[in-house]
Structures are given as structure tokens and as C-alpha cells.
Amino acid sequence: MDSAKIAIIGDGAIGSLVASGAQKTHIPFRFLLRGDRESVLQVTGTERQTIRLTPTHFDRLNDNDLLVIPVKHYQLADAIRQWHPILSNSTAVVLLQNGMGGEAILSEYLKSQPVYVATTSHGALKTSPLQVRHTGLGSTLLGRSQESTSAAYSSAKDRQVTELLCQCFPPVAWRSDIRFALWQKLSVNLVINPLTALYNVPNGALSEPRFSDSITRICDETSRVMNALGYSTTQEALEQNVRHVISATAHNFSSMHQDIAHKRKTEIDGITGYLIKQAKKSGVDVPINTALYQQVTALYEP
Ligand code: KPL
């Protein structure tokens, strides 16, 4: 059996970390890019060591290879439409992005492939079109997508995908309840991303008393929606976790803050927009999230 290869859609910050890990562990990798342009060349680690990336060229992915999709929420449909033809029927696909709702988009194109979803707390920043910096060590949780009914799933496949991803993006832990983990990450993004973007502040500023009431109300609405969907949690538990992330990432600017600062489209539809959709389905009122959605949407005028 050939050694496994990894293809990564785009050359964003997190995808480049996966690439640098693949290079360190001698796993052949390539970026899948739109058009003919140079991909990220250098990744600087948390200890300031720099790796120069040397991707390999291959055209197709086989059964034991992996496709990693770390693109922005709004890029997902185009990305999978373009790249799904290079997959074999059993190539595993890992969706690694902020927000939720992406699994349903993938299921339109990936009828036979086993799809996995992951959430990570690693921090990374694209400092120039060809350079990425690993800004904070974190960990990644991985599990099967609920939207996929692939016949290629097996516990051996789950283990192979976990081990392969762990080799290049450690540590990775398997979660059979990955959706709960995704909701927990969503609850963090629901608070930090819109507030930092709207008030133009780093994550740590959200520990100031002026944000307290909003944080509590966002977590309260999120916990109501989660409970209505069968995920047992409380406003207090969500808020405690959000406050932990605020202090652990105090000096970072959130991805939504950076998107607004650079006049780019945001992931608000996959974050607050997703919550609002789920709230509607479950008959829960989410007024503060609705207001934040409208305010963030108004900030970005294409
Ligand atoms: O995921 C993040 C983001 O910026 O999108 C957090 C956890 C908020 C860290 O900045």
C-alpha cells in the first residue's frame, strides 16, 4: 500500500499548519488552489523555528489518503464543487472550520466518501501571502459527520484518519459526540467574533465589565437553543468556557475582527446565522444574536 498523502484546500493559516506538520513527518502533501499562483512558502512555529514548505504534485487522492478542508464557511460550496472529482469513493474528508452548517453543504457532493468534522483551538495567522505564523498551541477534536451515510466508515478508518491527522496536526482526540464539541466552539465564536469585530478590540478586552451583560445574554440564548436541540448545557457553563477562551487568547484579534479590519467577507452566516436558523426551527427567541447578526452584516459592504 502506498503511503498516505494529504491534500489541503486553500493555503490559509490553519491549512498551512497542517502542511508544515505533514512536511515534518514526511507525509506527501499539496495545496489545492484556485488558479495558478504560488502557495504559502514559510511557516514559523511557536518557538520561532521556520519551515520552508515543499509540496508534492499529485492529481488524485486514493482510498487511504486524506482531504482536509480548512476554508472559510462561505468558500465551502465552491471549494467542494471544484475538488470533489479528485477523490476516490473512500477518500476520507476532514472539514476543519469555524461555524456550523458546512456538513450539509458537503453532503450534496460527497455521496460515498466518509466525512469527518474537526474543531481546533490552535491559533495561526497569515502574516503575508506566503507566510504563516503559529500563534498559539492548541488541540483538535475529531469525529464522524452526522450528515454522511458513507458505507466506507469503519472503526479502522476512524483510527487511520485520527492517526494521520495527529501526525501532522497534533494533538488530535477522537470524539463520538463531536457535535456537542462543535456547539461548544460555536458558543465561543458567537460571543468573541461579533463583539470584537463590532467594537474593534482584541479578545482580552471582552473581560471588561462593559461587555458582561452582552456575554451573559448571548450565552443564555445559545444554551436555550442547545437545550431545545437536545444538547444539555447551561448559560453558566457556556459563559465559563467563553471567559476561559477570552483570557487564553487575550492578545489575539479574532478571525472576524481581522476580516472586518481587512475589508473581507466574514463568517457570520456560519456562526450567528447558523444559531438564528436553529433557533427558528426550535421556536427559541434570540434577540441579541439577531441584533449582532444585523450589525456585523452592515459592517461589510462588498
Ligand atoms: O476561533 C476563534 C476565532 O477568532 O475565530 C477564537 C476562538 C475566537 C479565537 O480568536
Side-chain angles (χ1 to χ4, degrees), residues 4-24 27-44 50-62 65-89 91-99 101-111 113 115-118 120 122 124-135 164-165 168-169 255-271 300-302:
K5 311 186 287 301
I6 297 191
I8 301 151
I9 301 189
D11 63 344
I14 293 289
S16 300
L17 290 189
V18 175
S20 77
Q23 174 139 333
K24 277 191 223 157
I27 297 170
F29 71 93
R30 70 164 290 196
F31 292 113
L32 303 171
L33 304 176
R34 268 165 166 268
D36 191 18
R37 65 169 174 89
E38 208 170 2
S39 54
V40 163
L41 277 178
Q42 278 190 348
V43 177
T44 305
T50 293
I51 289 217
R52 202 178 162 80
L53 298 180
T54 49
T56 313
H57 186 82
F58 45 85
D59 290 323
R60 292 197 56 78
L61 291 171
N62 301 322
D65 296 337
L66 189 62
L67 174 69
V68 180
I69 314 185
V71 300
K72 297 273 193 188
H73 185 80
Y74 55 82
Q75 297 168 327
L76 184 60
D78 282 349
I80 198 61
R81 193 178 303 119
Q82 179 172 7
W83 294 109
H84 78 93
I86 73 164
L87 306 175
S88 82
N89 284 340
T91 307
V93 174
V94 174
L95 178 64
L96 178 57
Q97 60 179 188
N98 266 343
E103 292 168 69
I105 298 174
L106 290 187
S107 69
E108 286 173 36
Y109 294 90
L110 305 177
K111 301 292 181 200
Q113 293 82 2
V115 178
Y116 296 84
V117 276
T120 189
H122 280 282
L125 187 67
K126 209 162 180 180
T127 50
S128 82
L130 302 182
Q131 288 174 315
V132 163
R133 191 154 49 85
H134 192 176
T135 51
L164 189 55
L165 193 63
C168 46
F169 198 44
S255 53
M256 195 171 285
H257 177 281
Q258 292 174 51
D259 287 337
I260 292 293
H262 292 99
K263 302 198 187 325
R264 294 189 299 240
K265 192 169 171 171
T266 71
E267 295 187 281
I268 195 74
D269 282 320
I271 298 176
Y300 173 75
E301 304 272 353

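The two residues L32 and W83 come nearest to each other via the heavy atoms CB-CE2, 3.5 Å. The shortest non-hydrogen separation linking G12 to S16 is O-OG, 2.7 Å.
Side-chain contact check for I260 versus Q258: every heavy-atom pair is 4.5 Å or farther apart. With contacts defined as side-chain heavy-atom distances shorter than 4.5 Å, the pair V94/L66 qualifies. Between E38 and L41, the closest side-chain pair of non-hydrogen atoms falls below 4.5 Å. Looking at H134 and T44, their side chains never come closer than 4.5 Å, going by heavy atoms from C-beta outward. Proximity of F58 to I86: side-chain heavy atoms (C-beta onward) are nowhere separated by under 4.5 Å. Using a 4.5 Å heavy-atom threshold, the side chains of L110 and H84 count as touching. I69 has its side chain within reach of V93: a pair of non-hydrogen atoms, C-beta onward, lies under 4.5 Å apart. Annotation: side chain of P70 is in contact with side chain of I8 (closest heavy-atom distance under 4.5 Å).
How far CG of N98 is from OG1 of T120: 10.0 Å, rounded to the nearest 0.5 Å. Between Y116 atom OH and L95 atom CG the span is 13.5 Å, to the nearest 0.5 Å. To the nearest 0.5 Å, the span separating OG1 on T266 from CD1 on I271 amounts to 7.5 Å. With rounding to the nearest 0.5 angstrom, the OH atom of Y109 is 9.0 Å from the CD1 atom of I80. The NZ atom of K72 lies 10.0 Å from the CD atom of Q97; values are rounded to the nearest 0.5 Å. In this structure, D269 CG and Y74 OH are separated by 11.0 Å, a value rounded to the nearest 0.5 Å.
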Problem set entry | From CA spacing to verdict: side chain to side chain contact (heavy atoms under 4.5 Å, CB included), V18, F29 | CA-CA 9 Å; V18 175; F29 71 93; over 6 Å; no
For this session: Check the pair I6 / C168 against side chain to side chain contact (heavy atoms under 4.5 Å, CB included), numbers first and verdict last.
Result: CA-CA 10 Å; I6 297 191; C168 46; 3.5 Å; yes
Exercise. Can K5 and N62 be said to form a side chain to side chain contact (heavy atoms under 4.5 Å, CB included), step by step?
Worked result: CA-CA 8 Å; K5 311 186 287 301; N62 301 322; 3.4 Å; yes
Problem set entry | Residues D65, L87; criterion side chain to side chain contact (heavy atoms under 4.5 Å, CB included); working and verdict | CA-CA 9 Å; D65 296 337; L87 306 175; over 6 Å; no
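Paired with L53 under the rule side chain to side chain contact (heavy atoms under 4.5 Å, CB included), one option of V40, V132, L130 passes, and it is V40.
With sequence neighbours excluded, the residues forming a side chain to side chain contact (heavy atoms under 4.5 Å, CB included) with A77 are R81, I105, listed by chain and number. By the salt bridge (Lys or Arg N to Asp or Glu O under 4.0 Å) test, R264 is found to be paired with D259, residues two or more places apart in sequence or in another chain being considered.
For Q113 (side chain) and T91 (main-chain N/O), no donor-acceptor pair under 3.5 Å exists by modelled atom type. The main-chain N or O of F31 is never found under 3.5 Å from a side-chain atom of S39 such that the two would form a donor-acceptor pair. No donor-acceptor pair under 3.5 Å is formed between the side chain of Q42 and the backbone N or O of Q131. For D78 (side chain) and Q75 (main-chain N/O), no donor-acceptor pair under 3.5 Å exists by modelled atom type.
Note on D11 versus R37: salt bridge recorded, some NZ/NE/NH1/NH2 to OD/OE distance being below 4.0 Å.
The local environment of CZ in R34 is sparse, with at most 12 non-hydrogen atoms from other residues, nucleotides or ligands closer than 6.0 Å.
One side chain, Q23 or T54, offers a donor N or O that lies under 3.5 Å from an acceptor on the other.
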